[in-house]
Trainee: 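I am attaching a structure below and will ask some questions about it afterwards.
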Amino acid sequence: MRAADISDQLSTVLVTEEEIQRKLAELAARVDADYAGKDLLLVGVLKGAVMVMADFARSLQSDITMDWMAVSSYGAGTKSSGVVQIRKDLDTDLHGKHVLIVEDIIDSGLTLSWLLENFASRGAESIEVLALLRKPEAAKVKIDCKYVGFDIPNEFVVGYGLDYAERYRNLRDVAVLAPHVYA
């Protein structure tokens, strides 16, 4: 589904699928260079990062392993509650691993800050973050994100894995959801 197919439900398209693919290829080339000769574990944060993780992993030239963690601080709302709930933990022991957390979006940063502390306590050799999207104006904590795709305004966005009440994840673009849809 493309933004043009549901334009009555969207305010603005911020990033197109084509722009996303170009940016993920660029980030993958950087990650390949940075982790040359190292065993890299990609950790995707479910459910939003599924699209980013899949396309990013396919853009890499390096041999990697992947794992998934499901955490939530949103529920069905449009703002982070700040309370992190683990819904699915990792299957991989992080001790001595080079971990790259793959995120769809950094909003308040509260969930990611919690994840970084959690992973550090598990003995990871290194931990970095790749985020397709970042909302600098929404940050409540400082997150050192080494790989950022796009900085976007502090609007409620959907598409490319991002949802509102589990809808719009399959939108191929990232767009601002029109307020009449969720108000």
Side-chain angles (χ1 to χ4, degrees), residues 1-28 42-59 66 68-89 100-116 118 129-143 145 147-183:
M1 173 172 64
R2 294 302 300 253
D5 301 326
I6 57 166
S7 59
D8 61 322
Q9 298 168 50
L10 306 172
S11 298
T12 311
V13 174
L14 296 177
V15 188
T16 66
E17 177 183 27
E18 294 77 15
E19 291 169 321
I20 291 168
Q21 295 306 319
R22 280 193 301 275
K23 183 59 74 171
L24 288 177
E26 173 189 311
L27 293 173
L42 301 183
V43 174
V45 182
L46 294 170
K47 298 177 188 172
V50 168
M51 308 299 187
V52 178
M53 180 83 136
D55 288 345
F56 173 71
R58 285 190 297 244
S59 294
M66 298 183 349
W68 297 92
M69 187 168 196
V71 296
S72 178
S73 66
Y74 280 83
T78 61
K79 300 261 189 238
S80 174
S81 69
V83 177
V84 178
Q85 300 172 341
I86 296 176
R87 301 210 171 157
K88 182 223 172 282
D89 206 346
L100 180 60
I101 300 172
V102 177
E103 273 280 26
D104 51 354
I105 190 167
I106 300 174
D107 200 323
S108 70
L110 294 171
T111 301
L112 190 52
S113 175
W114 182 90
L115 272 179
L116 288 165
N118 182 285
V129 178
L130 179 144
L132 177 64
L133 306 168
R134 178 176 61 183
K135 294 182 183 178
E137 295 167 20
K140 293 186 177 172
V141 294
K142 185 178 184 315
I143 298 291
C145 185
Y147 309 99
V148 178
F150 304 93
D151 282 332
I152 62 170
N154 191 14
E155 303 274 355
F156 189 72
V157 294
V158 295
Y160 205 73
L162 296 157
D163 75 302
Y164 170 65
E166 296 301 324
R167 296 183 57 222
Y168 304 103
R169 288 191 195 277
N170 63 323
L171 177 62
R172 292 174 171 271
D173 312 292
V174 173
V176 176
L177 189 61
H180 76 267
V181 175
Y182 60 89

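Hydrogens, waters and symmetry mates play no part in the numbers below; they use all other heavy atoms, side chains included.
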Trainee: Excluding sequence neighbours, so at least two apart, what forms side-chain hydrogen bond (donor to acceptor under 3.5 Å, both in side chains) with R2?
Mentor: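 For R2 the side-chain hydrogen bond (donor to acceptor under 3.5 Å, both in side chains) partners, ignoring immediate neighbours, are E17, E18, D173.
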
Trainee: In Å and rounded to the nearest 0.5 Å, what is the CD1 to CG distance from I106 to L130?
Mentor: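 Interatomic distance, I106 CD1 to L130 CG, rounded to 0.5 Å: 9.0 Å.
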
Trainee: State, with a plain yes or no, whether a side-chain heavy atom of L115 is found less than 4.5 Å away from one of M69.
Mentor: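 The answer is yes; the side chains approach within 4.5 Å.
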
Trainee: Between V141 and L110, is a side chain to side chain contact (heavy atoms under 4.5 Å, CB included) present by the stated rule, with each step listed?
Mentor: CA-CA 6 Å; V141 294; L110 294 171; 3.8 Å; yes

Trainee: State which residues pass side-chain contact (heavy atoms from CB on, under 4.5 Å) with M53; sequence neighbours excluded, sorted by chain then number.
Mentor: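 Per chain and number, M53 pairs via side-chain contact (heavy atoms from CB on, under 4.5 Å) with L42, M66, W68, V102.
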
Trainee: Quick one: does L27's side chain get under 4.5 Å of S59's, heavy atoms only?
Mentor: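 L27 vs S59: side chains apart.
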
Trainee: Please report the C-alpha distance between V174 and F150 in whole Å, then the side-chain angles of each, then the deciding distance to 0.1 Å, and finally whether the side chain to side chain contact (heavy atoms under 4.5 Å, CB included) criterion is met.
Mentor: CA-CA 11 Å; V174 173; F150 304 93; over 6 Å; no

Trainee: My understanding is that only one of D104, D55, T16 makes a side-chain hydrogen bond (donor to acceptor under 3.5 Å, both in side chains) with Y160; could you say which?
Mentor: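 Among the candidates, only D55 passes.
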
Trainee: Kindly compute the distance separating OG1 (T12) from CG (L177), expressed to the nearest 0.5 Å.
Mentor: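 That separation rounds to 11.0 Å.
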
Trainee: What distance do S108 atom OG and K135 atom NZ have between them, rounded to the nearest 0.5 Å?
Mentor: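 These two atoms lie 9.5 Å from each other.
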
Trainee: Just verifying a value: how many Å separate H180 NE2 and D8 CG, rounded to the nearest 0.5 Å?
Mentor: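 Going from NE2 on H180 over to CG on D8, the span is 6.0 Å.
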
Trainee: Mind checking what makes salt bridge (charged side-chain N to carboxylate O under 4.0 Å, His left out) contact with R134, not counting sequence neighbours?
Mentor: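 Partners of R134 under the salt bridge (charged side-chain N to carboxylate O under 4.0 Å, His left out) test: D151.
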
Trainee: Is the number of heavy atoms from other residues, nucleotides or ligands under 6.0 Å of R172 CZ greater than 12?
Mentor: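 It does not: R172 CZ has 12 such atoms or fewer within range.
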
Trainee: Exactly one of N118, D89, V84 should register a side-chain contact (heavy atoms from CB on, under 4.5 Å) with V71. Which one does?
Mentor: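 Only one option passes, and that is V84.
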
Trainee: Over 60° means perpendicular and under 30° means parallel, so tell me whether Y164 and Y182 are parallel, tilted or perpendicular.
Mentor: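 Rings of Y164 and Y182: tilted, 30 to 60°.
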
Trainee: Could you measure the distance from the CG atom of L112 to the CD1 atom of I105? Nearest 0.5 Å is fine.
Mentor: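 Rounded to the nearest 0.5 Å, the CG-CD1 separation comes out at 12.0 Å.
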
Trainee: When you compare the side chain of Y168 with that of V181, does any pair of heavy atoms fall below 4.5 Å?
Mentor: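 Sidechains of Y168 and V181: in contact.
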
Trainee: What residues form a side-chain contact (heavy atoms from CB on, under 4.5 Å) with Q85, not counting sequence neighbours?
Mentor: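 In terms of side-chain contact (heavy atoms from CB on, under 4.5 Å), with neighbours along the sequence ignored, Q85 is linked to R87.
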
Trainee: Would you please name every residue forming a side-chain contact (heavy atoms from CB on, under 4.5 Å) with S11, sequence neighbours left out?
Mentor: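 For S11 the side-chain contact (heavy atoms from CB on, under 4.5 Å) partners, ignoring immediate neighbours, are V176, A178, P179.
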
Trainee: Starting at CD1 of I143, measure out to CG of L116 and round the result to the nearest 0.5 Å.
Mentor: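 Atom-to-atom, I143:CD1 and L116:CG are 5.5 Å apart.
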
Trainee: For E137, what residues pass the side-chain contact (heavy atoms from CB on, under 4.5 Å) criterion, not counting sequence neighbours?
Mentor: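 For E137, the residues satisfying side-chain contact (heavy atoms from CB on, under 4.5 Å) (neighbours in sequence not counted) are N154.
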
Trainee: Checking L162 against L133 for the side chain to side chain contact (heavy atoms under 4.5 Å, CB included) test, could you report, in this order, the C-alpha distance in whole Å, the side-chain angles of both residues, the deciding distance, and whether it holds?
Mentor: CA-CA 10 Å; L162 296 157; L133 306 168; 3.5 Å; yes

Trainee: Evaluate L10 against V158 for side chain to side chain contact (heavy atoms under 4.5 Å, CB included), listing each step before the verdict.
Mentor: CA-CA 9 Å; L10 306 172; V158 295; 4.0 Å; yes

